[in-house]
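Written out below as structure tokens is the structure these notes cover.
We count residues from 1, following the sequence as given.
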Amino acid sequence: MRLTIPDIRFVGFAALVLGALPCAALAQTPSTDPSSNTPFSSMAIARDEGDACRVPKPPADLAETAYLRNGYRAILRILIAEEALASQSCTCLLDQFTWDQALDALPRFQTSDTPHLPFKVLDLYAKADELEAQIAAGCAE
């Protein structure tokens, strides 16, 4: 049997079409419904219970750079942790604080007069982590 160029093209095209069918059959819109029967790769990841009290990412309009937004997030973490330690509270206080409070607290944490680098974010993270560790230790007792 001798194949001609049109025959080879047809066989190649058929192989492409048939090879794409399984991929198209697997393509589904991801679902967040945990009761639906969806493939693992399209399942949404549920937040841990511990994340419910985690300070979320700041809104983009809070500050012009990610560096500043991350600093304000760390400041808010510090403010919440300080309040929890002062009140000896083991409950989530996140809903009692606003981003405006983090902005208002800037002078307390400011280490530079440079508008784009008014604080050291890594130092703020370390302070927030330290205070949150104190809360976790106190609440574990």
> When rounded to the nearest 0.5 angstrom, what distance separates CD1 in Ile75 from CG in Leu106?
Replying inline: 5.5 Å
> What distance do Glu132 atom CD and Ile78 atom CD1 have between them, rounded to the nearest 0.5 Å?
Replying inline: 9.0 Å
>> Please give me the minimum heavy-atom distance between Ser89 and Cys139, naming the atom from each residue.
In response: O-SG, 4.2 Å
> Nearest 0.5 Å, what's the CG-OG1 distance between Leu76 and Thr98?
Replying inline: 7.5 Å
>> Is it the case that atom CG in Asp95 sees more than 12 heavy atoms from other parts of the structure closer than 6.0 Å?
In response: yes
>> Let's go through His116 and Glu64 carefully: what are the C-alpha distance in whole Å and the side-chain angles of both, what is the deciding distance for side-chain contact (heavy atoms from CB on, under 4.5 Å) to 0.1 Å, and is it a yes or a no?
In response: CA-CA 9 Å; His116 295 290; Glu64 63 185 66; 2.9 Å; yes
>> Could you check, using the six-membered ring where one of them is a Trp, whether Phe109 and Tyr72 have ring centers closer than 6.0 angstrom?
In response: no
>> Between Arg73 and Pro58 (side chain of the first, backbone of the second, donor and acceptor by atom type, cut-off under 3.5 Å), is there such a pair?
In response: no
> Considering all heavy atoms of both residues, which atom of Leu79 and which atom of Gln101 are nearest to each other, and what is their separation?
Replying inline: CD1-O, 3.7 Å
>> Let me confirm one number: the OG1-CG distance from Thr111 to Leu117, rounded to the nearest 0.5 Å.
In response: 8.5 Å
> What is the distance from atom CD of Gln110 to atom NZ of Lys120, rounded to the nearest 0.5 Å?
Replying inline: 12.5 Å
> When rounded to the nearest 0.5 angstrom, what is the spacing between CD1 in Ile135 and CG in Leu93?
Replying inline: 8.0 Å
>> side-chain contact (heavy atoms from CB on, under 4.5 Å), that's the test. Do Asp104 and Trp99 meet it? Break it down for me.
In response: CA-CA 9 Å; Asp104 293 342; Trp99 290 113; over 6 Å; no
> If you look at every heavy atom in Leu124 and Ala74, which pair is closest and at what distance?
Replying inline: CB-CB, 3.6 Å
>> Could you report the tightest heavy-atom contact between Pro56 and Leu94, atom names first, then the distance?
In response: CD-CD2, 4.2 Å
>> What verdict does the side-chain contact (heavy atoms from CB on, under 4.5 Å) test give for Asn70 and Thr65, after you've listed the backbone C-alpha separation in whole Å, the side-chain angles of each residue and the deciding distance to 0.1 Å?
In response: CA-CA 9 Å; Asn70 289 334; Thr65 65; over 6 Å; no
> Within the side chain of Arg77, is there an N or O that forms a donor-acceptor pair under 3.5 Å with the backbone of Val55?
Replying inline: no
>> Using side-chain heavy atoms (C-beta onward) and a distance below 4.5 Å, is Val121 in contact with Tyr125?
In response: yes
> Any idea which heavy atoms bring Leu68 and Ala63 closest together, and the distance?
Replying inline: CB-CB, 3.5 Å
